[in-house]
Amino acid sequence: MDILTSKANGILTIEFNRPEKKNAITAAMYQMMADAIRNAEGDAAVRAILIIGKPEVFTAGNDLDDFLKNESAEVGDRPVAQFMRALSSASKPVVAAVAGNAVGIGTTLLMHCDLVYAAENAKFAMPFTQLGLCPEFASSMLFPQMVGYQRAAEKLMLGEAFSAQEAYEMGLVSRVLPIDDLVPFAHGQAAKLVALPASSLRVTKRLMKGAQAAVVDARMMDENKHFGEMLIAKEAKEAFTAFFEKRRPDFTKFA
Ligand SMILES: C/C=C/C(=O)SCCNC(=O)CCNC(=O)[C@H](O)C(C)(C)COP(=O)(O)OP(=O)(O)OC[C@H]1O[C@@H](n2cnc3c(N)ncnc32)[C@H](O)[C@@H]1OP(=O)(O)O
């Protein structure tokens, strides 16, 4: 199973489990995560959600082979969109623990989590423009809001990778920890959430997200429209092909 889910002591743990492909996320994996988060909404036995990867990699983002095979611009109700909606509207608290690379949606999903912990080896990147794409998961709005326009532009326009320490300084992660402490600490924080009154946490989260929830939803739809169109354009196909051919993409041949 490329996504492992387990429920224990009030915590639903969702684990990326495709290390041979750096935990790249396929449509089936998005669907499993969307279903798990949605099912948790109606399950009183789940009081917190914990998202983890492997010590060497959180996730390399969307599977580029899936992207390459994609032939329709319509994102609509695809598993990735279902996952985005499920996570961004989750009423229960979500904790994420990131070690190693967190690329693309591996970084943007964190903007929808409540507590985000990173190991010292964590490395974040949103290389959308390098792939001929544009930001997703409302990151074009949430990231500039979080870190300021110019710092966001460096990461979203140049797609430059950044360290755990920089992510902490920008406010994307709550705390940086030694790798061996990462998951036990994140799990401990989730256990604290489990022990708190669920109703208090639910209302607190709703108040913190506030009126922004609808705006986030609208931004995701707008981004997805552009993203879908760019996914089938020649620049993106060149970027995906170059990745698998282990060469630099050549965008100079496109106007
Ligand atoms: C809506 C969502 C949008 C997005 O998420 S956009 C972002 C898409 N993601 C990316 O562009 C990242 C692509 N991957 C990488 O840049 C690198 O990987 C890493 C930096 C994450 C790790 O580099 P290294 O440690 O050198 O590993 P390796 O040799 O590149 O990869 C090991 C195996 O994993 C496969 N793989 C890695 N990432 C992906 C991916 N995103 N989609 C499909 N396969 C991937 C490779 O091909 C290879 O496989 P083999 O061993 O068979 O040659």
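Counting from 1, the numbers follow the sequence of the chain as shown. Order of listing sets the numbers, starting from 1, for every ligand and every atom in it.
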Participant: For D114, run the side chain to side chain contact (heavy atoms under 4.5 Å, CB included) check against Q189, K92, K205 and tell me which one passes.
Facilitator: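 When Q189, K92, K205 are each tested with D114, the side chain to side chain contact (heavy atoms under 4.5 Å, CB included) holds only for K205.
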Participant: What do the steps show when you test K253 against E238 for salt bridge (charged side-chain N to carboxylate O under 4.0 Å, His left out), and what is the final call?
Facilitator: CA-CA 10 Å; K253 54 192 174 193; E238 162 64 10; 3.4 Å; yes
Participant: Between Y30 and F83, what is the ring plane arrangement, given parallel below 30°, perpendicular above 60°, and tilted in between?
Facilitator: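 If you compare the ring of Y30 with that of F83, the planes turn out tilted.
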Participant: Taking the hydrophobic residues Ile, Leu, Val, Met, Phe, Trp and Tyr, and joining any pair whose side-chain heavy atoms are under 4.5 Å apart, which ones share a cluster with L207?
Facilitator: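 V203, all in the cluster of L207.
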Participant: Show which residues join Y117 in its hydrophobic cluster (side-chain heavy-atom contacts under 4.5 Å, direct or indirect), or state none.
Facilitator: I11, L50, I52, V95, L115, L177, L182, V183, F185, L193, V194, L196, L201
Participant: Which residues, ordered by chain and number, are linked to M221 in its hydrophobic cluster, where ILVMFWY side chains connect at heavy-atom gaps below 4.5 Å, directly or through other members?
Facilitator: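 Noted: M221 shares its cluster with no other residue.
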Participant: Between ligand 1 and the protein, which N/O pairs are shorter than 3.5 Å?
Facilitator:
| residue | atom | partner | partner atom | Å |
| --- | --- | --- | --- | --- |
| ligand 1 | 5 (O) | N62 | N | 2.9 |
| ligand 1 | 5 (O) | I105 | N | 3.0 |
| ligand 1 | 9 (N) | A60 | O | 2.8 |
| ligand 1 | 25 (O) | K22 | NZ | 3.2 |
| ligand 1 | 41 (N) | A60 | O | 3.3 |
| ligand 1 | 41 (N) | N62 | O | 3.1 |
| ligand 1 | 42 (N) | L64 | N | 2.8 |
| ligand 1 | 49 (O) | K21 | NZ | 3.4 |
| ligand 1 | 52 (O) | K21 | NZ | 2.6 |

